[in-house]
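Worksheet for the structure shown next.
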Amino acid sequence: MLLGVLLGWVAKTTGKDETFQDWLSFKGYFFYFALLPPIIFEAGYALDVKPRGGCSRFLQNAGAICAYAFIGTAMSTILIGFTMWAAGAMGLCFAFTFLESLIFGAVISATDPVSVLSVFQRLQAHPDLYTLVFGESIFNDAVAIVLFRSLLTFLKKDVTFKLVMFGMLTFVEIFVCSMLICIAYGFIASLAFKTDVVRNKHSPVEASLVVLLARYSFFTAESLG
């Protein structure tokens, strides 16, 4: 945060130096292709897969996690969007349209509960509670991104019932296809890592394949739209 404040001050004091301003500006493709894949990969890699009664804690709480991730993120988007729109209508902040407010709500709903999880660890909270919050945070990012992209389709078109249904189908299509792509890459990775050549004789290759396959799954899903 302090680094961001410092860079903002430097950008302001440079005045109209467009070269420095362009260099300092945050590019969307840099976020999508450089920062986002490692964040998603780390969340999945740190997932608790230790079996308990023949099943991991994540799978045992999958229903509640999906409810929080899908329904909770949608409710958060609507609530934040309506609040922003109402505050703008009352003159309390910059006035956004309702659609723009929903898009803002989708962006803000992608939360990262790092501080909450650290408190849970320090207080030795129940493992199921930790799994619920952590599992929701994994799906929450993906749901928020897909929801954000689905809402963007309404910006340049008039909102109709047909377009709303198309947006909902687009949301389901993107999420299901992305999941199938990741499952396919996971199956390929599991076959590669089960071989003795990779596991016992080439540990650096194994580590490299873990990172590369995770990135390629993301890039494949992005390239297919």
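Any value given below was found using the heavy atoms of this structure, including those in side chains, with hydrogens, waters and symmetry copies removed.
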Inset, instruction - Say whether, by atom type as modelled, one donor and one acceptor occur between the side chain of S109 and the main chain of G105 under 3.5 angstrom. - result: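 Yes, the answer is positive, given that a donor and an acceptor are paired below the 3.5 Å cut-off.
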Inset, instruction - Quick one: list whatever passes ring pair (Phe, Tyr, Trp, His ring centres under 6.0 Å) with F70, sequence neighbours left out. - result: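 With neighbours one apart ignored, the set is F175.
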Inset, instruction - Check ring pair (Phe, Tyr, Trp, His ring centres under 6.0 Å) between F82 and all other residues, then give those that pass, not counting sequence neighbours. - result: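 With neighbours one apart ignored, the set is W85.
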Inset, instruction - Give a yes or no on whether Y130 atom OH has more than 12 heavy-atom contacts from other residues, nucleotides or ligands under 6.0 Å away. - result: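 More than 12 within 6.0 Å, yes.
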Inset, instruction - Could you tell me which non-hydrogen atom of A106 sits nearest to which non-hydrogen atom of A144, and how far apart they are? - result: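 For A106 versus A144, the nearest heavy atoms are O-CB, 3.5 Å.
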Legend entry - Which atom of I181 lies closest to which atom of S217, heavy atoms considered: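 Closest heavy-atom pair between I181 and S217: CG2-O, 3.9 Å.
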Legend entry - Other ILVMFWY residues reachable from I108 by side-chain steps of under 4.5 Å: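 Members besides I108, by chain and number: I80, M84, F94, F96, F104.
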Inset, instruction - Considering only Ile, Leu, Val, Met, Phe, Trp and Tyr, and joining two whenever side-chain heavy atoms are under 4.5 Å apart, list the other residues clustered with M75. - result: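 Members other than M75 - counting any ILVMFWY side chain reachable under 4.5 Å - are I71.
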Inset, instruction - Report the residues that fulfil side chain to side chain contact (heavy atoms under 4.5 Å, CB included) with L152, sequence neighbours left out, ordered by chain and then residue number. - result: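 L152 satisfies side chain to side chain contact (heavy atoms under 4.5 Å, CB included) with I103, F148, L155 only.
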Could you list the donor-acceptor pairs under 3.5 angstrom formed between side-chain atoms of residues 186-193 and any protein atom two or more places apart in sequence or on another chain?
from, atom 1, to, atom 2, distance (Å)
S190, OG, G186, O, 3.4
S190, OG, F187, O, 2.7

[Y] reachable from [X] in the ILVMFWY side-chain graph, under 4.5 Å edges:
| X | Y | result |
| --- | --- | --- |
| V119 | V133 | no |
| L169 | L102 | no |
| V176 | L147 | yes |

Inset, instruction - Ignoring hydrogens and angles, state whether a donor on the side chain of N140 or T73 is under 3.5 Å from an acceptor on the partner side chain. - result: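 Short answer, yes.
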Inset, instruction - Measure the CG-OG distance between L151 and S101 for me, rounded to the nearest 0.5 Å. - result: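 Taking CG in L151 and OG in S101, the distance rounds to 11.0 Å.
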